[in-house]
Amino acid sequence: MSGELSLSINIKEPRWDQSTFMGRAKHFFMVTDPRNVLLSSQALEEARVIVEDYRAGIVKPGLTEDELWRAKYVYDSAFHPDTGEKMFVIGRMSAQVPMNMSITGCMLTFYRTTPAVVFWQWVNQSFNAVVNYTNRSGDAPITVNQLGAAYVSATTGAVVTALGLKSLATRLPPIVSRFVPFAAVAAANCINIPFMRQRELKYGIPVTDENGNRFGESANAAKQAIVQVVVSRIGMAVPAMAIPPVIMNALEKKAFMKRFPILNAPVQVGLVGLCLVFATPLCCALFPQKSSMSVSSLEEDLQEKIRQTSPHTTTVFFNKGL
């Protein structure tokens, strides 16, 4: 043991109490901090070394508790919690605000023509596919063929949904047609996330006791995890896709917007970004990252295994993904 910092700090868990919404919100404001996307590979590697050394009982000389927690959150923002692999940069939760800000702003701006709807829905669902794969739960590998099939199914379903809603909106007032992108995104999330995580639904995700001891894999846990993620993702989209259309509908009637229509897209993107800065962490915080369910809700064979190996366990835990 070396250094002045105590080794009793539990960095396996978030810094704040995850049983409360405020604790989870503080945690996800750190995890989704867009500034983490700008960190260099060297900074990420330094954070990884600090975290892994600390877990091994080695403390960097002069390291403070705040520096340890900063390294922990930098590490969490870039490395998968189950596999430990460095995640693809645009799939990280810290990239959610800048990426969704740009894509959603364009979806809300260019919604009037069919080619524009198809293109931006395809871009959005391609991005979502990357995010869903990057933040999947569990450590089981997925083949290229499985990934390709899931991507094609998810994006096709999303685009078809968007076009169907657009055709319905042509008979509705203009303000209603502005909400077509939101309705399409909400419906598409119900398609995209289960498709991209279908392996979890088939083979299950790891379930553990409160100390992290693994019992096996559960498809029932995967179903609960995916439902929670779908709800969170739709919640993220509500402020960013429901508030700017109302504001833009009023702004476009103003003289300065009529005089400078080129401002439409940047203003829309800015409004979306402002909403996402708060909506992303707050909606991630709707459910604990380390989710739980009762043993009685698991598959019968897994229940039997737990009864034999750990008869006092009544609740299991799993990473729900993001």
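This one's a predicted model, so the numbers in the text were calculated from it and none came from an experiment. We count residues from 1, following the sequence as given.
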Notebook entry, point to check: Do Pro34 and Val97 come within less than 4.5 Å of each other through their side chains, counting heavy atoms only?
Noted result: yes
message: The test is side chain to side chain contact (heavy atoms under 4.5 Å, CB included); show your working for Val295 and Thr313 and say whether it passes.
response: CA-CA 8 Å; Val295 171; Thr313 299; 4.2 Å; yes
Sequence neighbours excluded, the answer for side chain to side chain contact (heavy atoms under 4.5 Å, CB included) partners of Phe119 is Trp122, Val123
Any side-chain heavy atom of Leu39 sitting closer than 4.5 Å to one from Asn36? yes
ring-ring contact (aromatic ring centres under 6.0 Å, His included) filter on Phe127, not counting sequence neighbours, yields none
Compute whether any side-chain donor of one residue and acceptor of the other, for Ser296 and Gln303, lie under 3.5 angstrom apart.
no
Can you confirm whether Ile9 sits close enough to Glu65 that some side-chain heavy atom of one is under 4.5 Å from a side-chain heavy atom of the other? yes
- Given side chains that start at C-beta, do those of Ser291 and Phe317 come closer than 4.5 Å, heavy atoms only? no
- Might you work through the side chain to side chain contact (heavy atoms under 4.5 Å, CB included) test for Met293 and Val316, ending with a clear yes or no? CA-CA 6 Å; Met293 66 190 306; Val316 294; 3.9 Å; yes
- Query: Are Asn220 and Lys223 close enough, and set up right, to give a side chain to side chain contact (heavy atoms under 4.5 Å, CB included), and what steps lead you there?
  - Reply: CA-CA 5 Å; Asn220 289 353; Lys223 292 174 186 176; 4.0 Å; yes
Carboxylate-amine/guanidinium proximity below 4.0 Å for Arg48 and Glu45
yes
Residues 7-38 vs ring-ring contact (aromatic ring centres under 6.0 Å, His included), sequence neighbours excluded, gives Trp16-Tyr73, His27-Tyr73
Residue pairs passing the salt bridge (charged side-chain N to carboxylate O under 4.0 Å, His left out) test with at least one member in residues 307-319, sequence neighbours excluded, are Glu304-Arg307
*In one Ile/Leu/Val/Met/Phe/Trp/Tyr side-chain cluster, 4.5 Å: Phe318, Leu298*: yes
Compile the donor-acceptor pairs under 3.5 Å between side chains in residues 233-247 and protein atoms, sequence neighbours left out, one pair per line.
{"from": "Arg233", "atom 1": "NH1", "to": "Asn132", "atom 2": "OD1", "distance (Å)": "2.7"}
{"from": "Arg233", "atom 1": "NH2", "to": "Asn132", "atom 2": "OD1", "distance (Å)": "3.0"}
{"from": "Arg233", "atom 1": "NH2", "to": "Leu322", "atom 2": "O", "distance (Å)": "2.8"}

Taken in chain and number order and not counting sequence neighbours, the residues that satisfy salt bridge (Lys or Arg N to Asp or Glu O under 4.0 Å) with Glu13 are Lys290
Residue pairs meeting salt bridge (charged side-chain N to carboxylate O under 4.0 Å, His left out), one or both in residues 118-127, sequence neighbours left out, come to none
request  = Determine whether Ile50 and Val74 make a side-chain contact, defined as any pair of heavy atoms from C-beta on separated by less than 4.5 Å.
outcome  = no
Exercise for review: Begin with the C-alpha distance, continue with both residues' side-chain angles, and end with the deciding distance and a verdict on side chain to side chain contact (heavy atoms under 4.5 Å, CB included) for Ser218 and Leu302.
Suggested key: CA-CA 8 Å; Ser218 169; Leu302 190 53; 3.7 Å; yes
Residue set satisfying salt bridge (Lys or Arg N to Asp or Glu O under 4.0 Å) with Glu299, at least two apart, ordered chain then number -> none
Residue set satisfying side chain to side chain contact (heavy atoms under 4.5 Å, CB included) with Glu300, at least two apart, ordered chain then number -> none
(request) Check the pair Asp301, Lys305 against salt bridge (charged side-chain N to carboxylate O under 4.0 Å, His left out), reporting the backbone distance first and the verdict last. (result) CA-CA 6 Å; Asp301 57 337; Lys305 180 180 178 180; over 6 Å; no
For Lys86, the side chain to side chain contact (heavy atoms under 4.5 Å, CB included) test, sequence neighbours excluded, returns Ser41, Leu44, Phe79, Arg92
Donor-acceptor list for residues 271-284 side chains, cut-off 3.5 Å, not counting sequence neighbours:
{"from": "Thr280", "atom 1": "OG1", "to": "Leu276", "atom 2": "O", "distance (Å)": "3.0"}

So the salt bridge (charged side-chain N to carboxylate O under 4.0 Å, His left out) pairs with at least one residue in residues 14-31 (sequence neighbours excluded) are Arg15-Asp66
- Query: Is the shortest heavy-atom distance from the side chain of Val207 to the side chain of Arg214 under 4.5 Å?
  - Reply: no
